Amino acid sequence: MVHTIDQQVAEIRGLLETKLRVRGPSLAVQVRKAGRAVPRAVRRDLAYMVQSADLVKNPKLARMVDPSHAQRAHRNAVTYLNTINPRERRITAAVNVAASIALVLLVTGAVLLYVLVQRGFV
């Protein structure tokens with residue numbers, strides 16, 4: 001079971017690094033850095049994997065880890081992380097920034113036009 005949990009944690013760490021570009025020395029740090037980039041249910045599963053990885057290091061505490069729950073948490077996390085397309089995330093972020101800039105320019109232009117009309121210049 002120790003190798004299984006360690007292998008699962010290694011797989012999740014690799015996916016977090018490649019899909020979300022979240023780096024860190026441990027899974028706990030990566031999960032904290034990922035923050036709200038992952039849904040609440042997946043964060044809960046990742047937290048369980050972090051806790052399981054810590055418990056498995058001690059042979060007596062390793063019995064506290066439920067293998068079926070760990071397997072389910074791993075499956076849910078991997079399923080979500082595999083659906084993420086890094087290229088699509090970058091494109092969406094760029095479009096959101098462009099839309100924000102366009103909205104600010106539009107509002108600024110409208111306010112400027114309003115002021116000019118009120119003062120009688122237009």
Side-chain angles (χ1 to χ4, degrees):
M1 182 161 93
V2 171
H3 297 298
T4 305
I5 296 289
D6 288 339
Q7 290 170 351
Q8 290 173 346
V9 167
E11 181 181 6
I12 290 173
R13 288 192 66 203
L15 285 171
L16 282 171
E17 191 167 328
T18 57
K19 299 290 188 168
L20 294 178
R21 294 182 178 255
V22 176
R23 292 175 178 79
S26 67
L27 180 61
V29 173
Q30 284 180 309
V31 169
R32 191 185 77 236
K33 285 183 177 181
R36 294 178 60 183
V38 293
R40 183 180 301 150
V42 176
R43 275 197 313 263
R44 191 176 326 118
D45 290 336
L46 290 172
Y48 184 78
M49 292 302 294
V50 168
Q51 181 182 11
S52 298
D54 289 340
L55 289 175
V56 166
K57 292 176 184 173
N58 185 329
K60 285 190 176 184
L61 296 178
R63 288 181 270 157
M64 292 175 59
V65 176
D66 180 16
S68 63
H69 189 199
Q71 183 67 30
R72 188 171 54 249
H74 171 261
R75 185 178 59 244
N76 291 342
V78 168
T79 300
Y80 173 74
L81 291 172
N82 280 331
T83 61
I84 295 174
N85 184 354
R87 182 173 183 269
E88 184 178 318
R89 284 175 50 91
R90 284 192 302 271
I91 290 171
T92 302
V95 168
N96 286 340
V97 168
S100 297
I101 292 170
L103 180 65
V104 167
L105 290 174
L106 184 67
V107 170
T108 304
V111 169
L112 179 67
L113 184 64
Y114 176 76
V115 169
L116 289 175
V117 167
Q118 290 299 320
R119 294 204 174 183
F121 292 111
V122 176

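All values derive from a computational prediction rather than experimental measurement.
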Peer 1: How long is the span from the CZ atom in Arg75 to the OG atom in Ser68, to the nearest 0.5 Å?
Peer 2: 9.5 Å
Peer 1: Contact between Val56 and Val9 at the side-chain level, heavy atoms closer than 4.5 Å - yes or no?
Peer 2: no
Peer 1: Might you point out which heavy atoms bring Met49 and His74 nearest each other, and give the distance in Å?
Peer 2: SD-N, 4.1 Å
Peer 1: List the atom of Tyr80, the atom of Ala37, and the distance in Å for their closest heavy-atom pair.
Peer 2: OH-O, 3.3 Å
Peer 1: Are Tyr114 and Val107 co-members of a hydrophobic cluster defined by side-chain heavy atoms under 4.5 Å apart?
Peer 2: no
Peer 1: Look at the side chain of Arg13 and the backbone N and O of Gly24, then say whether any donor-acceptor pair between them is shorter than 3.5 Å.
Peer 2: yes
Peer 1: Considering only heavy atoms from C-beta outward, does the side chain of Phe121 approach that of Leu113 to under 4.5 Å?
Peer 2: no
Peer 1: Given the rule that I, L, V, M, F, W and Y join up when any side-chain heavy atoms are under 4.5 Å apart, are Val29 and Ile5 in one cluster?
Peer 2: no
Peer 1: Any side-chain heavy atom of Leu81 sitting closer than 4.5 Å to one from Thr18?
Peer 2: no
Peer 1: Determine whether Leu105 and Val97 fall in the same hydrophobic cluster, where Ile, Leu, Val, Met, Phe, Trp and Tyr are linked whenever their side-chain heavy atoms lie under 4.5 Å apart.
Peer 2: yes
Peer 1: With rounding to the nearest 0.5 Å, note down the distance linking CG in Asn58 to CE in Met64.
Peer 2: 10.0 Å
Peer 1: If I take atom CZ from residue Arg87 and atom OG1 from residue Thr92, how far apart are they, to the nearest 0.5 angstrom?
Peer 2: 10.5 Å
Peer 1: Treating Ile, Leu, Val, Met, Phe, Trp and Tyr as nodes and any side-chain heavy-atom pair under 4.5 angstrom as an edge, say whether Val111 and Leu103 lie in one connected cluster.
Peer 2: yes
Peer 1: Under the 3.5 angstrom rule, does the side chain of Arg43 hit a backbone N or O of Val38 as a donor-acceptor pair?
Peer 2: yes
Peer 1: Ignoring hydrogens, what is the shortest heavy-atom contact between Lys33 and Val22? Give both atom names and the distance.
Peer 2: CB-CG1, 3.6 Å
Peer 1: Do Val115 and Gln118 have side chains that approach each other closer than 4.5 Å (heavy atoms only, starting at C-beta)?
Peer 2: no
Peer 1: Are Ile84 and Ile91 connected into the same hydrophobic cluster when the rule is that any two of I, L, V, M, F, W, Y join if their side-chain heavy atoms are below 4.5 Å apart?
Peer 2: no
